[in-house]
There are 2 protein chains.
Amino acid sequence: MQLPEAKQKFIETWGKLGSEWGINRTMAQVHALLLVTPDALTTEQVMEELSISRGNANMTLRDLMSWGLVEKQLKPGERKEYFYADKDIWNIARQVAKERRKRELEPVLKTLEELVQVKGDKNDPDFKTFNKSMTDINKMSKNVDRMLDTMLKADESWFWGSIFKMFK
Amino acid sequence: MQLPEAKQKFIETWGKLGSEWGINRTMAQVHALLLVTPDALTTEQVMEELSISRGNANMTLRDLMSWGLVEKQLKPGERKEYFYADKDIWNIARQVAKERRKRELEPVLKTLEELVQVKGDKNDPDFKTFNKSMTDINKMSKNVDRMLDTMLKADESWFWGSIFKMFK
DNA sequence: ATAAACTTTCAAAAGGTTTTGAAAGTTTAA
DNA sequence: TTAAACTTTCAAAACCTTTTGAAAGTTTAT
């Protein structure tokens, strides 16, 4: 396989994976494009490479910046804005974990906390089942939250090292 | 908050979380309903509780079975099929991890393996960037894969215990 | 064999999300 | 100023996914 074809394949694959995990396909594709591009690209170049409209490119690049995955670069003497993606995969993973935790896990944790408090008749099977599920899901969610916290603070090799020591 | 309202809130919350993570909202809602219901429900009851059509209920329940989250129960002397969800949250998490790994991570790993093999000019910045990204993403994906493997084989309390020992 | 009870299918409709592109807005240079 | 270069907006269109519901299929009891 040649480089241009391989890039294309990566962009497709990353886009598909993104959409399976609730990330807009185009956003994942733009990110993939920037990941395999050594230097920063303009909106124009992103539009060109992926055959998408100006509006789409603009909005997607802003989204990627709000996720902390892409940064704007201004070159001296130039009006155009350039976009550059951090290529450090551990940083990327942490950044995504951090954002999804804040956007999605935290609100759920808050709701579960309320639902665990719901009182009812201890002999009512409906209540018993509800209460047990809420308690268990709440515990697991908190564990996930703590694991993410560990990951966010950790250095890559230390984190995986510790994980794999689990089965030494 | 009263039990019926609380159930409703859980169903909503779980549905929203599901859709944020690429799982059909209705599927997550049906699963949530079964999680807070002590006994097995018929298609009819699911339709009723969530105000969805027969076709939708049928297809969603089959999907949940294919994910290994719900099982069909037949009661002696009855024609109707009943659907029951395993309430063990660790089992559920493992089952979801197992399926998503098989359906989504494995194909990506296979593609990355190919993309890492792509040869090119070591002085070409395009090639260097592509190759580094593929190598790094491949390594991280393999680590995730191994972590999932550990999780799938593990007992709940042992797994979290080991995770939290990481920061003792 | 028949009919009632129940499940499955799938084309069409509804609903939701993403994309477009032209217009409006902004910044910079002269 | 003015106008060129560039970015942002957003209503409408395109696209994609989900849902519906009636019809077809299946199973069981008589």
Side-chain angles (χ1 to χ4, degrees), chain A residues 11-12 14-34 40-67 69-84 100 103-104, chain B residues 11-12 14-34 40-67 69-84 100 103-104:
Chain A
I11 289 167
E12 257 176 54
W14 217 236
K16 182 159 170 265
L17 186 66
S19 68
E20 287 165 343
W21 286 80
I23 286 151
N24 175 324
R25 187 186 19 253
T26 303
M27 184 167 148
Q29 286 180 340
V30 171
H31 189 225
L33 171 63
L34 294 175
L41 296 182
T42 61
T43 301
E44 211 78 33
Q45 290 173 302
V46 170
M47 288 165 58
E48 167 80 8
E49 290 276 353
L50 301 177
S51 311
I52 61 175
S53 71
R54 184 172 302 286
N56 196 6
N58 180 270
M59 156 166 293
T60 298
L61 286 165
R62 276 190 296 120
D63 265 2
L64 282 167
M65 287 191 292
S66 86
W67 278 80
L69 297 174
V70 162
E71 60 178 42
K72 213 182 256 191
Q73 283 187 348
L74 294 172
K75 305 206 173 180
E78 286 209 54
R79 297 270 302 274
K80 276 199 283 280
E81 296 176 337
Y82 287 79
F83 298 91
Y84 180 80
R100 298 202 80 155
R103 298 177 189 205
E104 294 149 18
Chain B
I11 290 167
E12 256 175 55
W14 217 234
K16 182 156 170 268
L17 186 67
S19 67
E20 287 165 343
W21 286 82
I23 285 150
N24 175 324
R25 194 199 356 265
T26 303
M27 184 167 146
Q29 287 180 340
V30 171
H31 189 224
L33 171 63
L34 294 176
L41 296 182
T42 61
T43 302
E44 212 78 34
Q45 290 173 304
V46 171
M47 289 165 58
E48 168 79 9
E49 291 276 353
L50 302 177
S51 312
I52 62 176
S53 71
R54 183 172 302 283
N56 196 6
N58 179 271
M59 159 166 290
T60 298
L61 287 165
R62 276 189 298 119
D63 265 2
L64 282 167
M65 287 191 290
S66 86
W67 277 80
L69 297 173
V70 162
E71 60 177 44
K72 212 181 256 191
Q73 283 187 350
L74 295 173
K75 305 206 171 179
E78 286 209 53
R79 298 270 302 271
K80 275 198 282 279
E81 296 176 336
Y82 286 79
F83 298 90
Y84 180 80
R100 299 201 79 154
R103 298 177 189 206
E104 294 148 19

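Just so you know, these numbers use all the heavy atoms, side chains as well, and skip hydrogens, waters and symmetry mates. A note on names: the letters A, B, ... follow the listed sequences, proteins ahead of strands, and every chain is numbered from 1.
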By salt bridge (charged side-chain N to carboxylate O under 4.0 Å, His left out), A/Glu48 pairs with (sequence neighbours left out) none

Numerically ordered, the residues 18-28 of chain A set in heavy-atom contact under 4.0 Å with DNA chain C is A/Asn24, A/Thr26

Hits for side-chain hydrogen bond (donor to acceptor under 3.5 Å, both in side chains) against A/Gln73, two or more places apart or cross-chain, chain-then-number order -> none

Next item on the list: Report yes if the side chains of A/Lys80 and A/Tyr82 come closer than 4.5 Å at any heavy-atom pair, otherwise no.
Entry: yes

Its dot-bracket string being built from Watson-Crick and G-U pairs below 3.5 Å, with | for another strand and [ ] for crossing, DNA chain D has the pattern ||||||||||||||||||||||||||||||

In whole angstroms, the gap separating P of D/dT7 from CG of A/Leu41 amounts to 13 Å

Taken to the nearest whole Å, CZ/B/Phe83 to P/C/dC6 is 13 Å

Separation of C/dT7 atom C1' from B/Glu78 atom CD, nearest Å, is 15 Å

Any side-chain heavy-atom pair of B/Phe83 and B/Val46 under 4.5 Å
no

A/Thr42 meets the side-chain hydrogen bond (donor to acceptor under 3.5 Å, both in side chains) criterion, sequence neighbours left out, with A/Gln45

Here the residues of residues 44-57 of chain B within 4.0 Å heavy-atom distance, strictly under, of DNA chain D are B/Ser51, B/Ile52, B/Ser53, B/Gly55, B/Asn56

Taken to the nearest whole Å, CE/A/Met59 to P/D/dT8 is 11 Å

| request: Would you please confirm or rule out a distance under 4.0 Å between OP1 or OP2 of D/dT7 and any side-chain N or O of A/Arg62? | output: no

With sequence neighbours left out, the residues meeting salt bridge (charged side-chain N to carboxylate O under 4.0 Å, His left out) with A/Glu71 are none

CD of A/Glu12 to CG of A/Leu17, rounded to nearest 0.5 Å, is 13.0 Å

Handout entry: Validation row: B/Leu34, B/Leu61 side chains within 4.5 angstrom (heavy atoms)
Key = yes

Pairs under 3.5 angstrom only: tabulate donor-acceptor contacts from the side chains of residues 20-32 of chain B to other protein residues two or more places apart or in another chain.
{"unit_1": "B/Trp21", "atom_1": "NE1", "unit_2": "A/Glu104", "atom_2": "OE1", "d": "3.1"}
{"unit_1": "B/Asn24", "atom_1": "OD1", "unit_2": "B/Thr26", "atom_2": "N", "d": "2.7"}
{"unit_1": "B/Asn24", "atom_1": "OD1", "unit_2": "B/Met27", "atom_2": "N", "d": "3.4"}

Taken to the nearest whole Å, OH/B/Tyr82 to C1'/C/dA5 is 13 Å

The side-chain hydrogen bond (donor to acceptor under 3.5 Å, both in side chains) partners of B/Lys72 (sequence neighbours excluded) come to B/Glu81

Contacts of A/Arg62 meeting salt bridge (charged side-chain N to carboxylate O under 4.0 Å, His left out) (sequence neighbours excluded), chain-then-number -> none

From CE of A/Met65 across to C1' of D/dT7 the rounded distance in Å is 11 Å

Contact list (N/O, under 3.5 angstrom) for nucleotides 25-30 of chain D vs protein:
{"unit_1": "D/dT27", "atom_1": "O2", "unit_2": "B/Arg79", "atom_2": "NH2", "d": "2.9"}

Please check this pair: side chain of B/Thr60 against backbone of B/Ala57, looking for a donor-acceptor N/O pair closer than 3.5 Å.
no

Separation of C/dC6 atom C1' from B/Leu74 atom CG, nearest Å, is 12 Å

By nearest-nucleotide position on DNA chain C, the 5'-leaning member of A/Gly77 and A/Thr60 is A/Thr60

Salt bridge (charged side-chain N to carboxylate O under 4.0 Å, His left out) filter on B/Arg54, not counting sequence neighbours, yields B/Glu44

Here the distance between atom P of D/dC6 and atom CG of A/Leu61, to the nearest Å, is 16 Å

Value for CG (B/Leu33) from CG (B/Leu50), rounded to nearest 0.5 Å, stands at 5.0 Å

